[in-house]
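What you see below is based on every heavy atom in this structure, not just the backbone, and it leaves out hydrogens, waters and symmetry mates. Throughout, numbering of the chain's residues begins at 1 and tracks the sequence.
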Amino acid sequence: MTGTIGRRGALLAAPALIAAGGAAAQAWPSRPVRILVGFAAGGANDIMARLLAQKLTERIPGSSFIVENRPGAATQVAAEAAARAAPDGTTFFYTSPSTLIALAVNRSATLDPVQALAPVFLAQNSPLALVCRPDFPARTVAEFIAVARERQGRLTVSTPGAGAINHLALVLLMRQTGIEVTHVPYTGNNPSITALMRGDVDVAHDGLFAPRAQLEAGTLRAIAVTSAERAPAYPNVPTFAETVPGHVVGFWGGMFAPRGTPDAILDRMNTELNAIMRLPDAIERTRSFGAEPAGGDRGVFARTVAEDWARWSQVVRENDIRAG
């Protein structure tokens with residue numbers, strides 16, 4: 001009898017559950033949906049967020065997706081706003097590992113990104129790159145390591161900031177190769193590249209987006225990239241891993257939601273974004289700044305985030321890295 005009642009209760013409850021789930025799916029995204037970005041307009045993350053917002057609006061009748069730039073505190077301002085937002089599908093957060101690293105470096109941060117934010121979709125992966133002027137004596141990773149050893153710490157390397165992923169990747173490289181260089185942090189990608197162009201530093205540890213015009217013009221050249229495989233846009237540039245096994249640093253971009261957002265909404269967003277990133281114009285736009293489209297289910301991105309959070313937190317602790 002108890003089993004019969006239980007089955008009957010389940011059958012009676014099922015329509016209500018389906019209706020509730022259907023209501024959540026139907027109610028979203030008929031309301032305006034904002035995508036928070038912790039970077040100023042014009043950068044790679046902003047470009048990707050706007051591409052996705054435009055495509056979502058086009059794909060879903062009656063929807064309106066709007067990018068809201070909230071730069072500050074190395075993306076922590078936007079991350080905290082996303083974590084505090086109502087988990088109803090009207091707020092998403094597009095960011096990169098910069099958020100994880102900023103929270104690890106900030107000793108007073110209370111936000112745990114793994115607990116407070118739900119990974120929704122891994123949109124793209126792009127490598128970091130070691131960039132130099134044409135007259136720099138090293139053309140390969142092995143030659144760069146040799147020059148660094150010869151100069152015994154006097155080789156200067158700029159990054160977009162102390163505690164940025166470029167800085168942490170440089171720390172990893174030094175640990176893996178035993179070299180010492182002088183880190184020169186700036187306040188962003190463009191100042192770092194400008195310093196390299198002026199001759200203020202020997203090389204820059206950046207990405208492929210900020211110096212792309214100089215790389216195409218030949219006024220700068222890339223020594224190596226940090227991806228596991230060569231970047232399709234720069235097939236002649238080797239990876240660090242070809243010379244330093246295991247030195248792989250991915251710089252992804254992805255969509256998050258406030259923790260507690262219904263699974264029906266998160267799954268719908270993941271499905272739509274996977275479809276968008278298979279569109280030829282979306283692929284072309286992503287590759288225009290040296291990135292590669294990614295994709296996959298929510299679990300794929302969740303594992304990436306958890307692994308990066310553990311990895312970068314450990315690097316920060318072991319090397320006592322602090323924000324500049």
Donor-acceptor pair, side chain of [X] and main chain of [Y], under 3.5 angstrom:
{"X": "N106", "Y": "A102", "value": "no"}
{"X": "R287", "Y": "A233", "value": "no"}
{"X": "N166", "Y": "G161", "value": "no"}
{"X": "Q115", "Y": "D112", "value": "no"}
{"X": "R221", "Y": "D135", "value": "no"}
{"X": "R70", "Y": "G38", "value": "no"}
{"X": "N274", "Y": "N270", "value": "yes"}
{"X": "N45", "Y": "A40", "value": "no"}
{"X": "T239", "Y": "E242", "value": "yes"}

Rounded to the nearest 0.5 Å, what separates atom [atom1] in [X] from atom [atom2] in [Y]?
{"X": "L36", "Y": "F92", "atom1": "CG", "atom2": "CZ", "value": "11.0 Å"}
{"X": "F93", "Y": "E80", "atom1": "CZ", "atom2": "CD", "value": "10.0 Å"}
{"X": "L168", "Y": "S98", "atom1": "CG", "atom2": "OG", "value": "10.5 Å"}
{"X": "R133", "Y": "L196", "atom1": "CZ", "atom2": "CG", "value": "5.5 Å"}
{"X": "R278", "Y": "I283", "atom1": "CZ", "atom2": "CD1", "value": "9.5 Å"}
{"X": "T156", "Y": "D202", "atom1": "OG1", "atom2": "CG", "value": "3.5 Å"}

Heavy-atom count around [X] [atom1] within 6.0 Å, excluding the residue itself: above 12?
{"X": "R59", "atom1": "CZ", "value": "yes"}
{"X": "E229", "atom1": "CD", "value": "no"}
{"X": "E284", "atom1": "CD", "value": "no"}

Test applied, side chain to side chain contact (heavy atoms under 4.5 Å, CB included); reference residue, [X]; option that passes from [options]:
{"X": "L172", "options": "N319, V315, V244, T177", "value": "V315"}
{"X": "K55", "options": "L51, L52, T57", "value": "L51"}
{"X": "W312", "options": "I165, V105, I321, L103", "value": "I165"}

Transitive ILVMFWY side-chain link [X] to [Y], under 4.5 Å:
{"X": "I47", "Y": "L208", "value": "no"}
{"X": "V37", "Y": "V120", "value": "yes"}
{"X": "V147", "Y": "I179", "value": "yes"}
{"X": "V184", "Y": "V157", "value": "no"}
{"X": "I193", "Y": "I223", "value": "no"}

Using every non-hydrogen atom in the two residues, find where [X] and [Y] come nearest and quote the distance to one decimal.
{"X": "E143", "Y": "R139", "answer": "OE1-N, 2.7 Å"}
{"X": "R154", "Y": "E150", "answer": "NH2-O, 4.1 Å"}
{"X": "P262", "Y": "P87", "answer": "CD-O, 3.3 Å"}
{"X": "V131", "Y": "P211", "answer": "CG2-CG, 4.3 Å"}
{"X": "A85", "Y": "P258", "answer": "O-CB, 3.7 Å"}
{"X": "A210", "Y": "N190", "answer": "CB-OD1, 4.1 Å"}

For a 4.5 angstrom cut-off between non-hydrogen side-chain atoms, does [X] reach [Y]?
{"X": "H205", "Y": "L128", "value": "yes"}
{"X": "R311", "Y": "V249", "value": "yes"}
{"X": "E180", "Y": "M174", "value": "yes"}
{"X": "P119", "Y": "R298", "value": "no"}
{"X": "T182", "Y": "V201", "value": "no"}
{"X": "I35", "Y": "M255", "value": "yes"}
{"X": "P127", "Y": "Y234", "value": "no"}
{"X": "F240", "Y": "V248", "value": "no"}

Before you tell me yes or no, could you show the steps for F251 and T226 under side-chain contact (heavy atoms from CB on, under 4.5 Å), namely the whole-Å CA-CA distance, both residues' side-chain angles and the distance that decides it to 0.1 Å?
CA-CA 9 Å; F251 189 69; T226 62; over 6 Å; no
Taking 4.0 angstrom as the limit, do R212 and D206 come out as a salt bridge?
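Result for this pair is no, no salt bridge flagged.
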Electrostatic pair D281-R285, nearest N-O below 4.0 angstrom:
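Looking at R285 together with D281, the answer is no, because their closest N to O distance does not fall below 4.0 Å.
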Working for side-chain contact (heavy atoms from CB on, under 4.5 Å), residues I276 and F121
CA-CA 11 Å; I276 288 169; F121 180 71; over 6 Å; no
Does T261 form a side-chain contact (heavy atoms from CB on, under 4.5 Å) with M269? I'd like the steps, not just the answer.
CA-CA 11 Å; T261 301; M269 177 63 100; over 6 Å; no
Relative to each other, are the rings of F301 and W252 parallel, tilted or perpendicular (30° and 60° limits)?
perpendicular
Would you call the rings of F136 and F144 parallel, tilted or perpendicular if under 30° counts as parallel and over 60° as perpendicular?
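Rings of F136 and F144: tilted, as their planes differ by 30° to 60°.
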What verdict does the side-chain contact (heavy atoms from CB on, under 4.5 Å) test give for H247 and L173, after you've listed the backbone C-alpha separation in whole Å, the side-chain angles of each residue and the deciding distance to 0.1 Å?
CA-CA 7 Å; H247 187 76; L173 181 64; 3.7 Å; yes
